[in-house]
Each structure stands twice: as structure tokens, then as C-alpha cells.
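Down below is the structure, laid out as C-alpha cells.
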There are 2 protein chains.
Amino acid sequence: MSTHKKEEFSDDERRLAELAKALSHPARIAILRILAQKKSCICGEIVDVLPLAQATVSQHLKELKNVGLVKGTIDGPRSCYCLNPEVVKELMSITGILHEFLVQNNSQSCC
Amino acid sequence: MSTHKKEEFSDDERRLAELAKALSHPARIAILRILAQKKSCICGEIVDVLPLAQATVSQHLKELKNVGLVKGTIDGPRSCYCLNPEVVKELMSITGILHEFLVQNNSQSCC
DNA sequence: ATCGTTCATCGCAAATATACGATAAAGAAA
DNA sequence: TTTCTTTATCGTATATTTGCGATGAACGAT
């Protein structure tokens, strides 16, 4: 019915889930990797490298932009994308938290 | 049409995406947090704490089990769940890799 | 002004994910 | 055995995601 219970969780949980969702498709992982490697923030080059149509790549880029992991500026007829250092940092600190609370009982698995 | 291009990406990218997908819902983050806090690997307690029906929680647990983050054993009429230290470790090393390749051009954002 | 290039968005189809009630399975308790 | 408790699974409804062709917007070049 509702398919919509996400508001009932904490802000932390929702934000971490949101960032994880942005990473939950191989194409988006690949895009992030490309952006991290290339200094110049290409765009059409991404389409050339990935096995996806231009429209699809554009959509993935949009999702990465929506969570803030990627910034983009229009540069003449072409678009320039690059990582957003701040949100990358947020992702780091959040995976750090994840790390902490996962590592707590890391040693004794009872099952 | 196809909705199915995921095989064309690398193993690394697919595995990271798969783990990220397991984390991409607040309920599953909450479940992991609970499992990390409680020493005893409860189960029905999770249902009590989350704002979700028992069937739904069971489904989320299954997904976490499928990617290996969680182990479960049947203990009489009830089920015992706990984190899987090995896959938690895998997640760590993978977020480490993510960290590395994201941090590379961390300083100069060109957009 | 016209054409070509680059990219975003719209509209649609197919696949997945989310949620839950109902029911089944399996042991504990009576 | 019958009953209760606990959990997994089935079936189903709805929502979201994925992917792409087609189209449009914006600019550069001619």
C-alpha cells in the first residue's frame, strides 16, 4: 500500500541511505571513478566510455548531482562535471560512522 | 527496453554497487545499527523497534543476508541474526578504495 | 541565418523495490 | 494433540528505477 515509510527514520539514517543509493548502480560508481581520475571534468567522454546511451548517462549524472556528490556547470554547448569535495568529505565521515558502529561487535559473531 | 546493462561493468564496480544497494534503505541501516549495538542477535526485537510490519522486516533482513552483511541461524522457533564480520570487513576495504579514488582530485574542483 | 555538436528533458516500456496481509512451517507450551 | 509464538514466504498492489528514442535548447562554426 503505502510504500513510503522512509520519513519515519532518523535524519542520519535517511542521509546515509540516500548517499548509498547514489552509489548503488555500477554506472554511477564508474562515473565517480572517471571524474576522480580525470582532472578536467569531461562530460561527453563519459558517454563514450560507458555502455549506455547519452540520455541514460545524463540521468545518472543528474542523480549524482541531486545528492550533491557531483557538481556541474554549463560551459558553452557542453557540460562540465566534477566531484564535489565537500560532499565527498561528508560521505567519508558518514562511512566513518558506519565503520564505527559496525566494528563494535566485530569480533564475536554469535551465529 | 533492456533495463539490464549491469553485467557490462567490472566486478569491482558491481560488488561495490551491490553493497551500496544493501545500505540504500533507512530500514536496513537501522537494522545494521541494531545488530551492531546488541550483543545478542535478536530478531523479533527488530520488528518491535522499526515502524514496519513483520513481513517487511523479514524481507529487509533477507536482502542483508543475500549480500552477506548479515548472518542468520534458526534457533528453535525464533531466528538469530548478527553481523558477518568478514563482509563488514569487505565493506570497509571497499569504502577504503572508494575513499582513495575519490580523494585523488579532492582539492581542485574545477566547476 | 543555417547547420552541426553537445547535452538535458520528456515520454514511454520494462524491470525492481517496497510494503503488507494472509498463510505456512516449526518448535514450545499446555 | 492442540494451541500459541515466532518467523519465512507467497501473492498482490503500488512506487520507483532503469533505459532509450525523440525532441528541444544552447552554443559554435560556416
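Letters A, B, ... are given to chains in the order of the sequence lines, protein chains preceding strands, and every chain is numbered from 1. A quick note: this is a predicted structure, and the numbers were derived from the prediction, not measured.
In terms of phosphate contacts, A:Arg78 brings no side-chain nitrogen or oxygen within less than 4.0 Å of OP1 or OP2 of C:dA8.
Rounded to an integer number of Å, the gap from A:Leu23 CG to D:dT18 P is 12 Å. The NZ atom of A:Lys62 sits 15 Å away from the P atom of D:dT16 (whole-angstrom rounding). The nearest whole Å value for the distance from the CD atom in B:Glu18 to the P atom in D:dT17 is 19 Å. Nucleotide C:dT6 holds its P atom 16 Å from the CG atom of A:Leu61, rounded to whole Å. D:dT9 atom C1' lies 13 Å from atom CG of B:Asn66, rounded to whole Å. One interatomic measurement links the two molecules: CD of B:Glu7 to P of D:dT18, which rounds to 14 Å at whole-angstrom precision. Nucleotide D:dT14 holds its P atom 16 Å from the NZ atom of A:Lys5, rounded to whole Å. For the pair A:Leu50 CG and C:dC7 P, the computed distance is 13 Å after rounding to whole Å.
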Side-chain polar contacts of residues 53-65 of chain A - donor-acceptor pairs under 3.5 angstrom, sequence neighbours left out - could you list them?
{"from": "A:His60", "atom 1": "ND1", "to": "A:Arg28", "atom 2": "NH1", "distance (Å)": "2.9"}
{"from": "A:Glu63", "atom 1": "OE1", "to": "A:Arg28", "atom 2": "NH1", "distance (Å)": "3.2"}
{"from": "A:Glu63", "atom 1": "OE2", "to": "A:Arg28", "atom 2": "NH1", "distance (Å)": "3.4"}

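By the side chain to side chain contact (heavy atoms under 4.5 Å, CB included) test, B:Pro51 pairs with A:Glu8, A:Phe9, sequence neighbours left out. Every residue meeting the salt bridge (Lys or Arg N to Asp or Glu O under 4.0 Å) condition with B:Asp11, not counting sequence neighbours, appears here in chain and number order: B:Arg14.
Near DNA chain D, defined here as any heavy-atom distance below 4.0 Å, the residues from residues 52-60 of chain A are A:Leu52, A:Ala53, A:Ala55, A:Thr56, A:Gln59, A:His60, listed numerically.
Shown here for A:Leu69 and A:Leu23, the closest heavy-atom pair between the two residues is CD1-CD2, 4.1 Å. Of all non-hydrogen atoms in B:Ala30 and B:Leu50, the two that sit nearest each other are CB-CD2, 3.8 Å. Looking at every heavy atom in both residues, A:Val67 comes nearest to A:Ala22 through CG2-CB, 3.6 Å.
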I'd like a list of close polar pairs between nucleotides 24-30 of chain D and the protein, N/O only, cut-off under 3.5 Å.
none

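If you check every strand for non-hydrogen atoms under 4.0 Å, A:Lys21 touches sugar and phosphate atoms only.
Applying the salt bridge (Lys or Arg N to Asp or Glu O under 4.0 Å) test to residues at least two apart or on different chains, the pairs with a partner in residues 15-27 of chain A are A:Arg15-A:Glu18, A:Arg15-A:Glu90. Residue pairs meeting the salt bridge (Lys or Arg N to Asp or Glu O under 4.0 Å) criterion with at least one partner in residues 74-84 of chain A, sequence neighbours excluded, are absent.
Checking side-chain atoms of A:Asn84 against main-chain N and O of A:Val70 turns up no donor-acceptor pair under 3.5 Å.
Looking at which nucleotide of DNA chain D each of B:Ser79 and B:Lys6 is closest to, the 5′-most match is held by B:Ser79.
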